[in-house]
Each structure stands twice: as C-alpha cells, then as structure tokens.
Amino acid sequence: MSDVAPAVSLAKRPADVMKKLVALCKQRGFVFQSSEIYGGLKSAYDYGPLGAELKRNLMGEWWKDMVTTRENVVGIDASIIMHPNVWRASGHAAGFSDPLVDCKISKERFRADKAPRPAVGSPLPITCADKGVAKEWAERIAKEYGVELERDANVLNGLVAISASEFGFVPKGASAPTKTWPWRGYVGPTFGSPFLTDEKQFNLMFRTALGAVDPMQEVAVHLAKIGALPPPERADYLTQTFPTETAVAGSLMLKALDAVRDPNRYQDFIRSFIEHFTSLSSVYLRPETAQAMFVQFKNVMDSSGMKPPFGIAQMGKSFRNEVTVEHFIFRSCEFEQMEMEFFCEPGTQKEWMAFWKEARMSWWRRFANYPEDFVFRQHAKDEMAFYADDCYDVEYKYPWGWGELEGIASRTDYDLTQHEKHSGVTLQYVDQEKADPKTGAKPWKYKPYVIEPAAGATRALLCFLIDAYHEEERTTATGEKEIRTVLKLHPKLAPIKCAVLPLVKKDGMPEKAREIIAALLKAGVNAKYDEKASIGKRYAKHDEIGTPYCITVDGDTLTADTVTLRDRDTTLQVRLPIAEVVATIKARLEA
RNA sequence: GCGGGUGUAGCUCAAUGGUAGAGCGACAGCCUUCCAAGCUGACGACGAGGGUUCGAUUCCCUUCACCCGCUCCA
C-alpha cells in the first residue's frame with residue numbers, strides 16, 4: 001500500500017519484448033515447448049540447458065534467503081500426491097462440485113450454484129444488451145429452437161418456468177405452452193437465458209488413480225452387465241452385487257430412472273456410478289505446496305525442536321487445471337512454487353506480516369534491474385478468502401500489465417483448524433512459559449497463526465527474464481547499425497557465470513584458455529569455453545544469454561600471464577594476472 | 001469455453017495448384033590479435049490427419065499448438 005506503481009519509460013525495452021524473449025528462449029535453450037516434435041502440449045514447457053540453470057539458481061537463492069540463512073525456518077520436501085482428505089480439509093476438493101454452465105445464446109459462462117432461480121410459473125425474460133443484440137439472439141433462438149420470441153426493445157419475452165424441470169414458450173394470449181424444454185431451474189445470471197448447456201464439472205485438481213489396477217475396468221464390467229439386463233432387474237443387480245449404502249442409493253436412483261426414462265438422469269446415474277468406483281483409488285496432484293507444511297506441522301515441530309515463531313518452507317511443482325492458460329509460462333497447468341508457512345503466536349500476526357513483506361520485497365528487488373516494477377497490492381476485504389486476516393500480492397509490471405508474482409497472506413489458524421477437524425489430530429503448540437491470555441492459566445495451548453509468503457518460481461523466472469531483457473543500438477566494426485541484445489541477469493541468477501575465450505584459435509591461446517577454464521570449473525564456477533567464430537560474435541552471444549563475465553586470452557597472455565576480464569553490462573575490460581582469475585570471478589559473484 | 005489471428009529451416013521472413021528460397025544463427029573446415037569481418041562445405045522446413053484434384057505447402061474440413069481480446073480463476 002505504501003508503494004505506488006511508478007511511470008515506466010517505454011524505451012527501456014521493446015514493445016514486442018515477449019515475442020523476442022520467447023524466440024530467444026527457444027533459440028538459446030532457456031525454454032522449449034513441451035513435446036514439440038509431437039505438436040506441443042497446451043501450456044506445458046520444458047527448461048533447456050540454460051533455463052534449467054537459471055531456475056536452479058533462482059530457487060537456490062530463495063532457499064538460501066528463506067531457509068539456510070535463517071535460524072527460525074526449516075525446509076521440507078513433500079510428496080506431490082497426498083491423502084485425498086488433505087484436499088477435502090483445505091477446500092480444494094470442493095472445486096469438483098462447482099459445475100460450470102454455458103448459455104447457448106449469449107455464450108456467457110457461469111457457476112450453476114450461483115445462478116438465479118426464478119419461481120415456478122414466473123416469466124423468463126431474456127434481457128439483451130441492446131436492440132441489435134436482441135434481434136440477433138431472437139433469430140438464433142428461432143433457428144435453433146423453432147420459436148419466435150416477442151421482442152420488446154432489448155427484451156425477449158414469451159418464455160415461462162412451467163415446472164421445476166421444464167420451461168416452455170407461451171405465445172401472447174395463449175394459455176398453454178406451444179413448446180417445452182427440460183430445465184434445471186436456473187437461468188444465466190446476466191441475461192436471464194434458460195437455453196443452457198449441460199453442467200460441466202470443472203476440475204481444479206488433476207485426478208489420477210493410485211494403484212496398479214485400472215478402476216475403469218471394473219466400472220466397464222458392471223455397466224456392461226447392468227446394460228444387458230432388462231430394466232426391472234437392474235436395480236436388484238446393484239443391491240445384490242454391492243450390499244452398501246451407495247448401492248442402495250444407486251438402485252433407488254435406477255428404479256426412479258427406469259420410471260421416468262430421462263436421459264439426463266441416466267447421465268447422473270452413470271456419473272455417480274463411475275465416481276463410486278474411481279473415488280476408492282482417486283488421488284490428486286497437489287494444487288499447491290502449502291498443505292504439506294500444515295499437515296507435517298506436528299512432525300516438523302517434534303523432530304526439529306522448532307517452536308513458534310518459526311517457519312516451514314518448501315519448493316516444488318504444483319498442478320492446476322486453469323480455465324485459461326496465457327502469456328507463455330506465466331499461467332500454466334504445471335508450475336513451480338516457493339512457499340513458506342510461518343507459524344506465530346495469535347496476536348503477533350500483524351508484526352510478522354510486516355516483517356515478511358519487507359523481507360520478500362527486498363528479495364525480489366535485489367535481483368532486479370528495475371526494482372520499481374515490483375510493488376505491493378493490498379487485497380480488498382471482499383477479495384480475500386473468508387478466513388484471511390490480511391493479504392498482499394507482490395505484483396510485477398509485465399508487458400501485458402500488472403500481474404501476480406507472490407501472495408503474502410495472513411491465514412489465521414484456519415488451515416491448522418481444518419486439518420485438526422478432518423484428521424482428528426490436535427495441531428497446537430504448548431507454550432510452557434506463557435499463560436493463556438484468556439484464562440490466565442499455564443501452559444498456553446494455542447494453534448499458531450500463519451503468515452504465508454507464496455511465490456511462483458515459474459513466474460519469477462519469467463519476470464527476471466523480462467527485467468533483464470535489454471536492447472542497445474550499436475555500430476559494428478564495419479560501420480553498420482545493429483541491435484545488441486543483452487540479458488542483464490543478476491550474476492547470481494545467470495546460467496553461465498563466465499566465458500573463457502581465446503582471442504584467436506592459434507598460438508597456444510586455446511591451451512591457455514583450457515587451463516583457466518579448468519581452474520574455474522574446479523572452483524565451482526559454471527564457466528564455458530568458446531573458440532568459435534570471431535571474438536565479437538562470442539561476446540555478443542554471451543551478452544544474449546546473460547553471461548556476466550568474459551575472460552579473454554590474447555597475445556599478452558602468452559608472455560605476461562595476464563588476461564582481460566570483460567563486464568557484460570559495460571563491455572569494459574580490465575587486465576589481470578591469470579593467477580587472480582578464479583578469486584576475482586568468485587569475489588564478483590559473491591558481491 | 002467464445003470471438004479474431006497465426007502456423008514454411010533453430011530464429012525472422014519469402015514464393016508457389018506441378019513437392020520450396022533468402023538473411024541471420026547453429027555445425028565442420030580455412031582465415032582472423034578485442035566487440036556479430038570473410039571464404040568453403042555439409043545439415044536443415046511446408047504443425048498433424050482427412051477430403052477435392054492427374055497432382056495440395058497452396059483450396060476445403062477436422063485436429064493440435066501459439067498469439068490477441070473476452071470469459072473464468074480454490
């Protein structure tokens with residue numbers, strides 16, 4: 001809230017930076033489209049040699065800053081597949097019960113459970129944006145449903161809710177409907193249209209089956225048997241084969257179905273039948289890494305001697321079926337997170353929120369060329385989850401606008417409470433020293449409150465690439481104007497730290513360069529030897545992949561044992577003895 | 001999911017109802033003493049499937065993927 005988005009000079013990077021960056025990522029081996037030779041897979045990306053280094057460096061810096069340099073934070077590395085009840089407790093499983101519906105006329109999409117439900121017997125006017133749209137929609141309805149609705153300016157009249165499961169068209173003056181359609185009792189929220197698609201289940205989580213036997217096999221066997229039986233015997237097959245509550249419910253449903261013969265209800269039956277079998281072996285890929293930290297809260301505390309205030313951190317992949325994927329790797333179904341849950345005494349959450357806000361923003365800006373492109377945005381009350389106390393997003397100024405990078409949420413004791421309820425295990429801290437503020441009794445048993453800084457690693461990678469992308473106009477040796485592309489990545493993030501280049505490929509220079517690179521590699525510096533093409537081309541190539549330093553072996557090296565050290569951003573060179581190369585590069589990387 | 005656009009070599013782009021070229025890059029070699037010099041060579045593509053046609057990269061359909069805008073977003 002204290003930070004305001006500043007005006008940004010448009011000249012700092014080209015307007016089509018995303019296009020250029022995506023091309024560079026592919027060409028130089030940062031990011032490839034997944035399974036590209038098979039035509040690609042929606043929203044899946046692979047990190048190439050340079051991308052993998054960049055991501056490791058980035059996540060390593062996070063881990064170092066959040067875990068290894070802090071006494072009060074420990075890390076875990078949890079399984080991606082967790083007990084299904086974890087997601088019932090967290091609320092993510094509820095995502096499965098939010099059916100989405102599309103209006104066939106307006107193409108509006110909405111959640112069925114939030115749609116208006118007009119009373120039986122009431123008219124169902126369709127309110128269009130304007131008269132032109134009304135005319136267009138009326139024609140569409142006439143064509144697809146065979147009825148001419150009456151147009152009154154922008155409103156289409158004539159439809160009536162006949163019963164809870166049927167609506168119809170009643171022409172002006174008529175007493176009975178001339179045509180009817182099945183109905184689920186609700187209309188589109190914006191325009192009031194009852195012409196809707198079936199309800200589609202939106203799967204937030206990726207579901208898979210744990211176990212070697214395919215549950216669908218069993219489903220197929222039973223459905224085949226049921227299908228082969230005459231209707232009166234179907235319900236009995238269920239109760240005889242599955243003497244459970246589900247079977248009884250299922251058989252009742254089947255009996256009712258065979259009585260009404262409504263295809264939609266059959267669909268419901270088959271769906272719940274499949275659900276019954278698959279749910280036994282269904283597990284989910286985690287949609288966030290956070291829950292493992294709550295679930296293992298007690299184990300971590302018991303095993304590591306941690307006590308509030310303390311944090312548990314984790315990095316790793318998460319999976320969500322996004323409705324829309326967009327902007328390259330910005331929103332994808334498989335992504336990587338860097339999250340921490342910080343457990344603190346109830347009542348201290350505001351101070352800790354302030355502490356972590358500062359810590360996190362300073363981390364982001366530390367690696368940025370344009371720190372002002374990272375800002376906080378406080379969530380409005382109605383924007384936050386109902387249990388949340390306070391929430392800030394770290395937003396980045398992407399080429400397409402401000403977008404989320406990290407959410408820092410004050411989650412109260414909601415998560416621990418939920419897992420207590422669902423697991424039956426007490427998740428609390430017993431403070432022997434303090435008295436319960438309410439009762440005054442010792443010890444104080446409490447469920448810690450949680451501050452959660454949850455950052456997107458994939459998004460971090462993208463924003464630092466955008467931040468680093470620079471173009472400069474320069475004049476070549478032959479006098480032509482040319483664009484120099486430089487990735488001004490922070491040296492700690494840069495995939496390759498140092499290139500070692502013989503000025504020319506002769507006179508013993510390659511040999512000298514090989515000696516230097518061996519020393520750098522031995523010292524743990526990710527260095528690269530390159531003797532191809534001209535020296536200028538090699539500099540340009542390393543500028544483009546963000547290599548911060550180039551060591552060049554030249555004629556003087558052979559007589560004086562000195563080399564030049566070139567800085568990527570300034571292109572300036574200094575001469576130094578070979579003996580000092582490793583120490584100098586290491587010192588610069590540590591700075 | 002909707003609407004619009006795009007898909008030709010690693011990248012950026014051409015041409016064409018008779019199976020395709022360039023620039024840059026990358027690779028091999030030659031040359032080259034500090035910021036994308038030059039020469040030689042080899043490699044390399046019509047996203048996928050189907051249809052129309054004597055013949056399709058070109059026209060049509062389907063599909064996949066990407067981009068823009070909506071919509072959606074525990």
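Throughout, a chain's letter reflects where its sequence line sits, starting with A, and its residues are numbered from 1.
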Chemist: Taking any heavy-atom pair under 4.0 Å as a contact, classify Met18(A): base, sugar-phosphate, or nothing.
Modeler: nothing

Chemist: Looking only at atom P, what distance separates rU12(B) and rG25(B), rounded to whole Å?
Modeler: 15 Å

Chemist: Describe the nucleic acid contact of Gly555(A) in one word from base, sugar-phosphate, nothing, applying a heavy-atom distance below 4.0 Å.
Modeler: base

Chemist: Rounded to whole angstrom, note down the C1' distance from rU32(B) over to rG38(B).
Modeler: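 Result for the C1' pair: 9 Å, nearest Å.
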
Chemist: Counting distance alone, no hydrogens or angles: does the base of rC34(B) have a donor or acceptor under 3.5 Å from a partner atom on the side chain of Tyr539(A)?
Modeler: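 When only heavy-atom distances are counted, Tyr539(A) does reach the base of rC34(B) through a donor-acceptor pair under 3.5 Å.
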
Chemist: So if I take every side-chain heavy atom of Arg566(A) and compare against rC35(B), rU33(B), rA37(B), which nucleotide ends up nearest?
Modeler: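 Taking heavy atoms from C-beta onward, the closest nucleotide is rC35(B).
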
Chemist: Please figure out whether Ser90(A) or Thr564(A) has its closest RNA chain B nucleotide nearer the 5' end.
Modeler: Thr564(A)

Chemist: Salt bridge or not between Lys357(A) and Asp390(A)? Use side-chain N to carboxylate O under 4.0 Å.
Modeler: no

Chemist: Do you know which of Val563(A), Asp556(A), Thr552(A) makes side-chain contact (heavy atoms from CB on, under 4.5 Å) with Arg575(A)?
Modeler: Asp556(A)

Chemist: Strictly below 4.0 Å, N to O, side chains only: are Lys488(A) and Glu472(A) in salt-bridge contact?
Modeler: yes

Chemist: Would you mind pulling out the nucleotide paired to rG21(B), Watson-Crick or G-U wobble, both distances under 3.5 Å?
Modeler: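 rG21(B) is paired with rC13(B).
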
Chemist: Consider the side chain of His92(A), meaning its heavy atoms from C-beta on, and name the nucleotide among rC27(B), rA74(B), rG69(B) that approaches it most closely.
Modeler: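 Among rC27(B), rA74(B), rG69(B), the one nearest the side chain of His92(A) is rA74(B).
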
Chemist: Nearest to the side chain of Lys505(A), heavy atoms from C-beta on, is which of rC34(B), rU32(B), rU33(B)?
Modeler: rU32(B)

Chemist: In whole Å, measure the gap between the C1' atoms of rA26(B) and rG49(B) for me.
Modeler: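 The same atom, C1', in both gives a distance of 32 Å.
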
Chemist: What is the nucleic acid contact for Ser43(A), judged by heavy atoms within less than 4.0 Å: base, sugar-phosphate only, or nothing?
Modeler: sugar-phosphate

Chemist: Measure from the side-chain heavy atoms of Leu204(A) and tell me the nearest of rC34(B), rC11(B), rA74(B).
Modeler: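 Closest nucleotide among those given: rA74(B).
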
Chemist: What is the base-pairing partner of rG3(B), counting Watson-Crick and G-U wobble geometry with both distances under 3.5 Å?
Modeler: rC68(B)

Chemist: What integer number of Å spans the P atoms of rA14(B) and rG29(B)?
Modeler: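 That atom pair is separated by 35 Å.
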
Chemist: Can you figure out which of rA65(B), rG10(B), rA36(B) approaches the side chain of Lys26(A) most closely?
Modeler: rG10(B)

Chemist: Determine whether a donor-acceptor pair (one donor, one acceptor, N or O, separation below 3.5 Å) exists between the side chain of Thr571(A) and the base of rC35(B).
Modeler: no

Chemist: For residues Ile81(A) and Tyr284(A), determine if any side-chain heavy atom of one lies less than 4.5 Å from a side-chain heavy atom of the other.
Modeler: no

Chemist: Suppose we define a pair by two distances each less than 3.5 Å, Watson-Crick or G-U wobble; what does rC30(B) pair with here?
Modeler: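 Pairing partner: rG38(B).
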
Chemist: For atom C1', what is the distance between rU40(B) and rA48(B), given to the nearest Å?
Modeler: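 It comes out at 38 Å once rounded to the nearest Å.
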
Chemist: Between the base of rC34(B) and the side chain of Gln573(A), is there a donor-acceptor distance below 3.5 Å?
Modeler: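 Flag set: donor-acceptor pair detected.
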
Chemist: Would you mind telling me which of rC13(B), rC11(B), rU32(B) lies closest to the side-chain atoms of Val504(A)?
Modeler: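 Output: rU32(B).
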
Chemist: Could you work out the separation of rU16(B) and rC30(B) based on their P atoms and round it to a whole Å?
Modeler: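 After rounding to an integer number of Å, I get 42 Å for this pair.
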
Chemist: Answer yes or no for Arg459(A) and Tyr396(A): cation-pi contact, defined as NZ/CZ to six-membered ring centre under 6.0 Å and angle to ring axis within 45°.
Modeler: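 Checked: cation-pi criterion not met.
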
Chemist: Measure centre to centre between the rings of Phe328(A) and Phe330(A), then say whether the value is under 6.0 Å.
Modeler: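 Ring centroids of Phe328(A) and Phe330(A) are no less than 6.0 Å from each other.
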
Chemist: Remember a base hit wins even if backbone is also touched, and classify Arg331(A) as base, sugar-phosphate or nothing at under 4.0 Å, heavy atoms.
Modeler: base

Chemist: Taking atom P of rA26(B) as reference, at what distance in whole Å does atom CG of Asp530(A) sit?
Modeler: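 The answer, rounded to whole Å, is 9 Å.
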
Chemist: Classify Glu404(A) by what it touches in the nucleic acid, base, sugar-phosphate, or nothing, heavy-atom distance under 4.0 Å.
Modeler: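 Contact class for Glu404(A): none.
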
Chemist: Answer with base, sugar-phosphate or nothing: what part of the nucleic acid does Leu503(A) contact at a heavy-atom distance below 4.0 Å?
Modeler: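 Touches a base.
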
Chemist: Consider the side chain of Lys537(A), meaning its heavy atoms from C-beta on, and name the nucleotide among rA26(B), rU33(B), rG25(B) that approaches it most closely.
Modeler: rG25(B)

Chemist: Taking atom NZ of Lys55(A) as the centre, does the number of heavy atoms from other residues, nucleotides or ligands within less than 6.0 Å exceed 12?
Modeler: yes

Chemist: Can you tell me which nucleotide in rC66(B), rA36(B), rC11(B) comes closest to the side chain of Ala23(A)?
Modeler: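 Selected nucleotide: rC11(B).
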
Chemist: Verify the ring-centre separation between Phe195(A) and Phe167(A): is it less than 6.0 angstrom?
Modeler: yes

Chemist: Under 3.5 Å, is there any donor-acceptor pair linking the side chain of Arg320(A) to the base of rC73(B)?
Modeler: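 No, no donor-acceptor pair under 3.5 Å.
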
Chemist: For rG55(B), which nucleotide in any strand shown is its Watson-Crick or wobble partner with both distances under 3.5 Å?
Modeler: none

Chemist: Select from Lys506(A) and Tyr38(A) the residue whose nearest nucleotide in RNA chain B is closer to the 5' end of that strand.
Modeler: Lys506(A)

Chemist: When you measure from the side chain of Lys532(A), which nucleotide among rC66(B), rC27(B), rC73(B) comes out closest?
Modeler: rC27(B)

Chemist: Please measure how far the C1' atom in rG23(B) lies from the corresponding atom in rA15(B), and state the result in whole Å.
Modeler: 15 Å

Chemist: Between rA56(B) and rG17(B), how far is it from one C1' atom to the other, in whole Å?
Modeler: 6 Å

Chemist: Base, sugar-phosphate, or nothing: which does Asp507(A) touch, judged by heavy atoms less than 4.0 Å apart?
Modeler: base

